[in-house]
2 protein chains.
Amino acid sequence: MHRTDRYHLGMPVPKGSTIDPERTRAAILEAATTVLYERGLDGVGVAELCALVGVSKETLYRHFGTKDGLVEAMLRARSERVSRWLAEAAAAAGDDPHDQLAAVFDTLGEWYEDPAFRGCAMVNAATQHHVEAVRAVTTRHLDRYLDLLTGIAERAGAADPPLLGRQLLMLVEGATVVAAHHGTAGTGEQARQAALALLSAAARTGGGD
Amino acid sequence: MHRTDRYHLGMPVPKGSTIDPERTRAAILEAATTVLYERGLDGVGVAELCALVGVSKETLYRHFGTKDGLVEAMLRARSERVSRWLAEAAAAAGDDPHDQLAAVFDTLGEWYEDPAFRGCAMVNAATQHHVEAVRAVTTRHLDRYLDLLTGIAERAGAADPPLLGRQLLMLVEGATVVAAHHGTAGTGEQARQAALALLSAAARTGGGD
DNA sequence: CAGAGATCGAACCGATCGGTACGATCTCGG
DNA sequence: CCGAGATCGTACCGATCGGTTCGATCTCTG
């Protein structure tokens with residue numbers, strides 16, 4: 001998008017800014033993403049958050065208005081980022097829907113083994129924070145996942161792609177929950193096998209292309 | 001177990017109690033279970049909690065020592081209750097492991113449609129509260145689920161019962177997450193179909209009895 | 001250089017939190 | 001009926017929370 005193009009050819013830009021607010025905003029967002037994911041939305045106060053980012057409270061509040069505003073912006077960005085990440089992993093696996101599905105779960109499996117892994121940030125947020133805007137981001141996040149998985153189901157010739165898509169979504173979120181709360185060991189691999197079994201069964205039932 | 005049998009035939013019971021502390025404790029536990037599940041562990045303070053139960057703070061703290069203590073006791077009881085509930089539903093479905101598995105997901109599906117449904121209380125708690133004791137209760141809860149599902153996998157003659165058990169556990173928790181955050185409609189039914197498909201595939205691969 | 005706007009740092013605010021203390025009241029066993 | 005123990009209601013505590021305010025820089029633009 002834009003980064004240092006704060007104004008365009010003397011256009012009626014707000015006024016004339018300084019010190020690159022965009023950069024400041026991005027820095028806050030990045031640090032908040034890390035620390036709020038690790039410690040939980042209510043596990044770190046605004047004061048500590050500002051100290052960690054190296055920014056004053058006034059700056060944070062000027063950019064996001066509210067802690068909830070920051071949380072919402074952070075979740076929105078994170079959802080887009082990880083959704084794109086998964087979709088690209090699937091696309092990079094070639095044209096075979098089976099390979100694409102396997103790639104999705106392999107990617108998830110790698111994530112589970114990251115020491116910083118704490119489950120799905122959007123689901124966690126919706127669980128902790130009962131604010132409507134946050135819940136909306138989470139629902140939309142699951143929609144993105146569902147789109148990806150339903151697309152794979154369609155290309156695999158499943159009898160009922162929306163159904164298989166939902167079932168695969170459950171597997172994705174279930175694997176994430178189990179990895180977060182019941183141990184990481186082998187979760188990605190086990191989930192991948194289950195997903196491929198479901199895909200095969202659905203393709204066998206329906207018409208392979 | 002016991003209810004009004006505060007002492008047994010003049011045995012050396014602590015001292016001589018009054019007003020039935022057990023009843024008080026149970027009442028606190030029950031009310032806390034409802035309200036802390038609906039509003040979240042940090043969504044209701046001790047003062048409000050006491051007001052809702054109709055009990056003084058001193059009484060609550062005498063019984064549970066700490067808010068965390070109350071949370072832990074409440075989760076422990078709830079985990080045992082819902083695990084037994086699921087296991088009984090499976091047992092009541094007869095001897096066929098397929099029927100037992102179907103019964104588990106039908107039972108879950110009914111739960112999802114309850115307006116008070118807010119996801120798995122234990123997983124929610126572990127997500128919100130970063131206290132070790134709480135996380136331990138959640139892990140043990142998932143162990144209970146895993147035992148039930150692995151047992152079904154064994155009786156169905158799956159090639160690798162522990163593997164299928166974990167995969168079914170992912171499906172259970174995934175269905176719960178999806179129902180809570182992406183809409184209830186049909187989730188139980190869809191999950192049941194997926195579970196039966198996995199069971200059939202695993203039994204076909206392995207040796208049916 | 002002058003001024004607009006971004007940032008800082010620290011003080012400050014009211015609210016709420018978990019937890020404690022205490023005197024009054026109640027219930028029951030001996 | 002008396003005393004032990006459970007309970008109540010309320011006041012209170014220190015800590016922390018999200019959020020506001022303000023004067024002092026700093027940086028860029030015109």
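Keep in mind that the numbers below use all heavy atoms, side chains included, and drop hydrogens, waters and symmetry copies. Order of the sequence lines fixes the chain letters, A, B, ..., with proteins taken first and strands second; residue numbering starts at 1 for each chain. Being a predicted model, the structure only gives us computed values, none of them experimental.
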- Out of C:dC22, D:dA6, C:dC8, which has the shortest distance to the side chain of A:Ser56? C:dC8
- Message: Taking the basic N atoms (NZ, or NE/NH1/NH2) and the acidic carboxylate oxygens, is any pair closer than 4.0 Å for A:Glu48 and A:Arg39?
- Response: yes
- Figure out the CZ/C1' separation between B:Arg62 and C:dC22, and round it to whole Å. 14 Å
- Query: In whole angstrom, what separates B:Ile28's CD1 from D:dA6's C1'?
  - Reply: 11 Å
- Message: Tell me every residue that passes salt bridge (charged side-chain N to carboxylate O under 4.0 Å, His left out) with A:Glu58, counting only those two or more places apart in sequence or in another chain.
- Response: none
- Message: Using a 4.0 Å heavy-atom cut-off, does A:Gly69 contact any base of the nucleic acid, only the sugar-phosphate backbone, or nothing at all?
- Response: nothing
- Message: So which atom in A:Arg135 and which in A:Ala126 form the shortest heavy-atom distance, rounded to 0.1 Å?
- Response: NH1-O, 3.8 Å
- Choosing from D:dC8, C:dT7, D:dC22, which nucleotide comes nearest the side chain of A:Thr59? C:dT7
- Query: In this structure, are over 12 heavy atoms from other groups packed under 6.0 Å from B:Arg140 atom CZ?
  - Reply: no
- Separation of atom CD in B:Glu58 from atom P in C:dG18, rounded to whole Å: 18 Å
- Message: So, OP1 or OP2 of C:dA6: does either fall under 4.0 Å of a side-chain N or O from A:His63?
- Response: no
- Protein-proximity profile, nucleotides 13-19 of chain D, B/S/- by nucleotide at the 4.0 Å heavy-atom cutoff, equals -----SB
- Could you tell me whether B:Asp95 atom CG has more than 12 heavy atoms of other residues or ligands within 6.0 Å of it? no
- To the nearest angstrom, how far is A:Glu22 atom CD from C:dA6 atom P? 11 Å
- Message: Would the distance check show the side chain of B:Tyr112 and the main-chain N or O of B:Ala180 forming a donor-acceptor pair, the cut-off being under 3.5 Å?
- Response: no
